[in-house]
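Just the heavy atoms: all of them, side chains too, but no hydrogens, waters or symmetry mates, feed the values below. For clarity, every value in this text was computed on a predicted model and none was experimentally measured.
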Amino acid sequence: MLVSYYETIKIQKVGVNLTSIRLNIQNNIYKYRKASGMSQAQLAKAIGVKNSTVSSWERGANAPDIETLFKICTLFNVKVADMFGCDTVDKDGKLIVYGFEKDLVISYRNADELDKTIVRRTLKLDDVSQNQKNA
């Protein structure tokens, strides 16, 4: 995988190494594929690779080359930094939210209380919410 000098310094600064980037890519391909409702075969066809290639990425046996990674990011409407998983906080330590995650936050904020309760229960956040109310 090609990483510029600047990106290498940035990656080292936030404590992310190339092994963890590879693991993030593996997990994120799976995550974004599932979130989009695609099968491995559908993803493979969409980006012009074999089904077994997608499977090998998700198992961590291989990683996509940079051109294929750009195709995947374009398909799922995410940034390469999202796929790398190394650009999640800004210089002030504030969480950076992109693409699919941003859509989830906006949808949650626009949801009615019943839907918000369902989301909190599904994510097992009820205890956290209750503790914040009691604080």
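For Ser107, there are no side chain to side chain donor-acceptor pair (under 3.5 Å) partners two or more places apart in sequence or in a different chain. In this view, Asp115 satisfies the side chain to side chain donor-acceptor pair (under 3.5 Å) rule with no residue, not counting sequence neighbours. Evaluation of the side chain to side chain contact (heavy atoms under 4.5 Å, CB included) rule for Val119 yields Tyr108, Leu123 as partners, not counting sequence neighbours. Asn110 meets the side chain to side chain contact (heavy atoms under 4.5 Å, CB included) test with Ile106; sequence neighbours excluded. With sequence neighbours excluded, the residues satisfying side chain to side chain donor-acceptor pair (under 3.5 Å) with Arg59 are Ser55.
The side-chain heavy atoms of Thr68 and Trp57, taken from C-beta on, include a pair separated by under 4.5 Å. Ile25 has its side chain out of reach of Asn28: every pair of non-hydrogen atoms, C-beta onward, lies at least 4.5 Å apart. Here the side chains of Met83 and Leu69 are in contact, with some heavy-atom distance below 4.5 Å.
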### Task
Just do the side-chain contact (heavy atoms from CB on, under 4.5 Å) check on Tyr32 and Met38 with the steps written out, would you?
CA-CA 9 Å; Tyr32 291 121; Met38 294 179 86; over 6 Å; no

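Taking all atoms of both residues into account, the shortest heavy-atom contact from Asp65 to Glu67 is OD1-N, 3.1 Å.
Summarising the hydrophobic clusters (Ile, Leu, Val, Met, Phe, Trp, Tyr; side-chain heavy atoms under 4.5 Å, direct or chained), the residues clustered with Leu114 are Ile118.
Between the CG atom of Asn62 and the OG atom of Ser52 there is a distance of 9.5 Å, given to the nearest 0.5 Å.
Hydrophobic clustering keeps Tyr30 apart from Val80 (ILVMFWY residues linked when any side-chain heavy atoms are closer than 4.5 Å, directly or through intermediates).
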Do any side-chain atoms of residues 40-51 form donor-acceptor pairs under 3.5 angstrom with protein atoms, and if so which ones, sequence neighbours left out?
residue: Gln40; atom: NE2; partner: Glu58; partner atom: OE1; Å: 2.7
residue: Gln42; atom: OE1; partner: Ser39; partner atom: N; Å: 2.7
residue: Gln42; atom: OE1; partner: Ser39; partner atom: OG; Å: 3.4

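Counting only distance, with no hydrogens or angles, the side chain of Asp82 and the backbone of Lys79 share a donor-acceptor pair below 3.5 Å.
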